[in-house]
Number of protein chains: 2
Amino acid sequence: MKISKELLKGTGATLVLSVLAGGDLYGYGIVKTLAQRSEDAFAMNEGTLYPILHALEEEGCLESYWETADGRNRKYYHVTRKGLKKLRENKEEWEYFSAGMNRVLGYSPV
Amino acid sequence: MKISKELLKGTGATLVLSVLAGGDLYGYGIVKTLAQRSEDAFAMNEGTLYPILHALEEEGCLESYWETADGRNRKYYHVTRKGLKKLRENKEEWEYFSAGMNRVLGYSPV
DNA sequence: TGTATATACATTATATATCAAGGTATAACG
DNA sequence: CGTTATACCTTGATATATAATGTATATACA
């Protein structure tokens with residue numbers, strides 16, 4: 001197994017899928033949830049998020065529906081079976097990558 | 001503390017610095033060492049490596065010198081004090097990032 | 001009433017990292 | 001004597017994240 005070139009670039013999609021696997025949510029809510037769960041490590045830009053959401057939907061990993069509450073229109077996203085599969089694969093790849101990274105860094109005397 | 005935008009893009013430099021912190025080495029040797037230490041997780045492309053080496057040298061994080069052995073010309077790289085500082089910072093950032101990543105992924109039921 | 005902030009969607013231009021592919025040259029192996 | 005490994009490097013394509021910008025409504029506050 002080799003680290004795909006998409007891994008580093010793809011952590012955004014993995015984070016989004018991971019949040020949505022816990023329940024349907026809308027864009028703005030995803031950003032807030034990510035910030036909160038990572039203890040502010042991740043402050044995902046909206047210019048990063050929306051292209052990810054649209055791409056995942058195009059791929060069939062997400063489905064969306066509109067809902068209005070408090071006079072606000074929210075576009076909720078739901079993870080499909082395909083999306084869950086992708087999430088499992090991405091998590092595995094992340095674990096593999098981070099293990100490799102830690103192994104290499106572990107050799108360094110610094 | 002926030003994850004810098006350079007983190008994901010910068011793992012390449014971190015890996016290279018990490019290898020060189022263990023002793024001076026040349027480009028081709030770095031690729032081989034990385035593959036070996038990561039158990040083939042990382043197969044760094046030469047088109048990725050050389051720009052990293054040149055940029056780190058330009059920054060003052062590396063110094064280079066030529067050596068010939070077995071009729072082969074090898075350009076060895078040595079980590080400077082500044083390079084060690086950068087390595088420490090990058091490692092810290094990596095640990096912070098991977099912790100955040102694991103925290104977010106840990107919430108996912110999948 | 002007016003204004004700033006938070007919410008909520010989205011696009012566009014820019015920077016940059018990585019890769020694939022190509023180029024040059026020597027040594028070693030069969 | 002041709003293939004593989006070693007060893008340096010550059011260029012062009014691709015992709016991703018960000019910054020900046022745009023639209024619109026609700027809420028808090030002065």
Side-chain angles (χ1 to χ4, degrees), chain A residues 2-17 19 24-36 38 41-59 62 64-77 90 93 97 100-101, chain B residues 2-17 24-36 38 41-59 62 64-77 90 93-94 97 100-101:
Chain A
K2 291 244 181 259
I3 291 291
S4 82
K5 65 179 172 181
E6 276 78 25
L7 176 70
L8 289 181
K9 300 185 278 190
T11 49
T14 304
L15 289 167
V16 168
L17 285 170
V19 168
D24 296 3
L25 202 56
Y26 54 98
Y28 196 81
I30 294 170
V31 172
K32 298 297 163 194
T33 303
L34 269 176
Q36 178 232 312
S38 69
F42 304 127
M44 185 174 278
N45 195 289
E46 293 181 71
T48 302
L49 176 70
Y50 290 111
I52 287 175
L53 287 172
H54 300 158
L56 285 173
E57 189 172 20
E58 185 118 6
E59 275 180 63
L62 296 179
S64 65
Y65 55 94
W66 286 89
E67 256 185 30
T68 303
D70 310 318
R72 298 203 168 282
N73 292 317
R74 289 166 171 170
K75 195 175 179 183
Y76 279 82
Y77 286 90
N90 284 13
E93 218 180 1
F97 170 75
M101 191 77 185
Chain B
K2 292 245 181 260
I3 291 291
S4 83
K5 64 179 172 180
E6 275 79 25
L7 175 69
L8 290 181
K9 300 186 279 190
T11 49
T14 304
L15 290 167
V16 167
L17 284 170
D24 295 4
L25 201 56
Y26 53 99
Y28 196 80
I30 294 170
V31 172
K32 298 297 163 195
T33 302
L34 268 176
Q36 178 233 311
S38 69
F42 304 127
M44 187 175 277
N45 195 288
E46 293 181 71
T48 301
L49 176 69
Y50 289 111
I52 287 175
L53 288 173
H54 300 158
L56 285 173
E57 190 172 20
E58 186 117 8
E59 275 180 65
L62 295 179
S64 65
Y65 56 94
W66 286 89
E67 257 185 29
T68 304
D70 311 317
R72 299 203 168 281
N73 293 317
R74 288 166 172 171
K75 194 176 180 183
Y76 279 82
Y77 287 89
N90 284 14
E93 219 180 1
W94 158 254
F97 170 76
M101 191 77 185

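Chain letters run A, B, ... following the sequence lines, proteins first and then strands; every chain starts at 1. In this text, all values refer to a predicted model and were calculated from it rather than measured experimentally.
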Please identify each residue that fulfils ring-ring contact (aromatic ring centres under 6.0 Å, His included) with Tyr50(A), with sequence neighbours left out.
->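 Tyr50(A) satisfies ring-ring contact (aromatic ring centres under 6.0 Å, His included) with no residue once adjacent residues are dropped.
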Counterpart residues, ring-ring contact (aromatic ring centres under 6.0 Å, His included), relative to Tyr28(A) (two or more places apart) |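 In terms of ring-ring contact (aromatic ring centres under 6.0 Å, His included), with neighbours along the sequence ignored, Tyr28(A) is linked to no residue.
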Could you go step by step and tell me if Thr14(B) and Trp94(B) meet the side-chain contact (heavy atoms from CB on, under 4.5 Å) rule?
-> CA-CA 9 Å; Thr14(B) 304; Trp94(B) 158 254; 5.5 Å; no
Side chain to side chain, Lys75(B) and Leu53(B), heavy atoms closer than 4.5 Å =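 Sidechains of Leu53(B) and Lys75(B): no contact.
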For Ser38(B) against Gly100(A), the heavy-atom pair lying closest together = CB-O, 4.3 Å
So which protein nitrogen or oxygen atoms get under 3.5 Å of nucleotides 9-12 of chain D's nitrogens or oxygens?
from   : atom 1 : to       : atom 2 : distance (Å)
dC9(D) : OP1    : Lys75(B) : NZ     : 3.1

How large an angle, rounded to 10°, do the end axes of the helix from dT1(C)-dA30(D) to dG30(C)-dC1(D) enclose when each is built from five base pairs?
-> 20°
Listed partners of [X] passing side-chain hydrogen bond (donor to acceptor under 3.5 Å, both in side chains), at least two apart:
X	answer
Glu59(A)	Lys86(A)
Thr48(A)	none
Tyr76(B)	none

Quick one: does Asn45(A)'s side chain have a donor or acceptor within less than 3.5 Å of a partner on Gly47(A)'s backbone?
-> yes
Of the options Leu62(B), Leu56(B), Val16(B), Asp24(B), which is the one that meets Tyr77(B) in a side-chain contact (heavy atoms from CB on, under 4.5 Å)?
-> Leu62(B)
In whole angstroms, how far is the [atom2] atom of [N] from the [atom1] atom of [X]?
X	N	atom1	atom2	result
Glu58(A)	dA10(C)	CD	P	13 Å
Ile52(A)	dT11(C)	CD1	P	14 Å
Ile30(A)	dA10(C)	CD1	P	11 Å
Leu49(A)	dT11(C)	CG	C1'	14 Å
Met44(B)	dT6(D)	CE	P	18 Å
Asn90(A)	dT16(D)	CG	P	12 Å

Heavy-atom protein contacts under 4.0 Å, nucleotides 2-7 of chain C, coded B base, S sugar-phosphate only, - none | ----BB
Residue list, side chain to side chain contact (heavy atoms under 4.5 Å, CB included) with Asn73(A), at least two apart or on another chain = Trp66(A), Thr68(A)
